[in-house]
Amino acid sequence: AQSVTQPDIHITVSEGASLELRCNYSYGATPYLFWYVQSPGQGLQLLLKYFSGDTLVQGIKGFEAEFKRSQSSFNLRKPSVHWSDAAEYFCAVVDDKAAGNKLTFGGGTRVLVKP
Amino acid sequence: NAGVMQNPRHLVRRRGQEARLRCSPMKGHSHVYWYRQLPEEGLKFMVYLQKENIIDESGMPKERFSAEFPKEGPSILRIQQVVRGDSAAYFCASSPGTGRISEAFFGQGTRLTVV
């Protein structure tokens with residue numbers, strides 16, 4: 001079965017600094033990968049997704065992620081964080097051998113932004 | 001274009017009562033997924049439904065939990081005889097029934113508190 005690991009539970013970053021969130025997946029075939037953001041008390045919003053093609057994916061809110069098959073990674077980056085980026089971020093993978101779009105999530109990384 | 005609608009947003013139940021969580025998918029979407037987020041944890045898949053059919057319930061607890069998605073009306077997640085451990089945020093997601101991998105859109109969630 002596929003799995004997703006987000007090694008960092010918490011990250012604190014200063015406003016204006018760069019941010020990188022790690023995500024590693026375990027999956028035999030080509031994965032369908034997603035990054036979602038969850039603000040406190042809210043639902044999940046899709047930041048970006050990778051299905052195929054260019055391994056550097058651009059998303060909303062200035063985020064990007066790079067798919068690296070050799071490292072089984074899909075790390076999320078932002079060059080300059082804003083206070084509004086404080087939230088929890090989830091990496092997820094879809095098993096294309098299962099029915100539908102069933103998502104397997106990582107444990108999440110909570111981002112705190114210092115002024 | 002309304003998104004995925006979940007209600008209620010917050011639900012308080014005493015131990016032993018029943019909880020009913022409702023989810024109306026996005027317009028045009030025929031696939032519904034339920035996920036549970038326990039405190040300080042990531043989201044875990046519970047069940048995948050299409051209209052009048054349960055496709056994958058591999059994540060559902062064996063007892064007390066059930067789900068349906070009738071021909072008319074919202075999808076319902078029902079928890080009978082709730083216990084303290086059922087306290088969590090329950091998220092619904094929907095996707096179009098195109099047969100291809102696609103983005104899942106999430107609702108705001110229902111936060112269940114069992115007292």
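Below, each value reflects all heavy atoms present in this structure, side chains not excepted, and no hydrogens, waters or symmetry copies. Protein chains get the first letters and strands the later ones, always in sequence-line order, with residue 1 at the start of each.
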Shortest non-hydrogen contact between Phe67(A) and Pro31(A), atoms and distance: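 Nearest heavy atoms, Phe67(A) then Pro31(A): CE1-CG, 3.8 Å.
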Region of Lys49(A) in contact with chain B, defined by heavy-atom distances below 4.5 Å: side chain
Part of Gln6(A) within contact of chain B (heavy atom distance under 4.5 Å): neither
Residue-level contacts of residues 55-63 of chain B with chain A, using a heavy-atom cutoff under 4.5 Å: Ile55(B), Asp56(B), Ser58(B)
Contacts of residues 104-115 of chain B with chain A (heavy atom under 4.5 Å): Ala104(B), Phe106(B), Gly107(B), Gln108(B), Arg111(B)
Does a salt bridge link [X] with [Y], judged by any charged N lying under 4.0 Å from a carboxylate O?
{"X": "Asp8(A)", "Y": "Arg22(A)", "value": "yes"}
{"X": "Asp86(B)", "Y": "Arg64(B)", "value": "yes"}
{"X": "Glu15(A)", "Y": "Lys114(A)", "value": "no"}
{"X": "Glu18(B)", "Y": "Arg20(B)", "value": "yes"}

Pair Ser95(B)-Tyr33(B), side-chain donor/acceptor within less than 3.5 Å: yes
4.5 Å side-chain heavy-atom contact, Asp85(A) and Leu19(A):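 No, side chains not in contact.
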Proximity breakdown for Glu103(B) and chain A, heavy-atom pairs closer than 4.5 Å: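 Looking at Glu103(B), backbone and side chain both touch chain A.
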Structural part of Gln37(B) lying under 4.5 Å from a heavy atom of chain A: side chain
Hydrophobic cluster identity match, Leu21(B) and Tyr35(B), side-chain contacts under 4.5 Å: no
Side chain to side chain contact (heavy atoms under 4.5 Å, CB included) evaluation trace for Arg84(B) with Arg15(B): CA-CA 7 Å; Arg84(B) 288 257 172 87; Arg15(B) 281 178 293 172; 3.8 Å; yes
Whether Lys78(A) side chain and Lys61(A) backbone form a donor-acceptor pair below 3.5 Å: yes
Donor-acceptor under 3.5 Å (Ser80(A) side chain, Gly16(A) main chain):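 Side chain of Ser80(A) to backbone of Gly16(A), a donor-acceptor pair under 3.5 Å: yes, one is there.
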Option in Glu88(A), Gln38(A), Gln45(A), Arg110(A) with maximal non-hydrogen atom pairs under 4.5 Å from chain B: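 Heavy-atom pair counts peak at Gln38(A).
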Qualifying residue, where the test is side-chain contact (heavy atoms from CB on, under 4.5 Å) with Phe65(B) and the options are Met46(B), Arg78(B), Gln80(B): Met46(B)
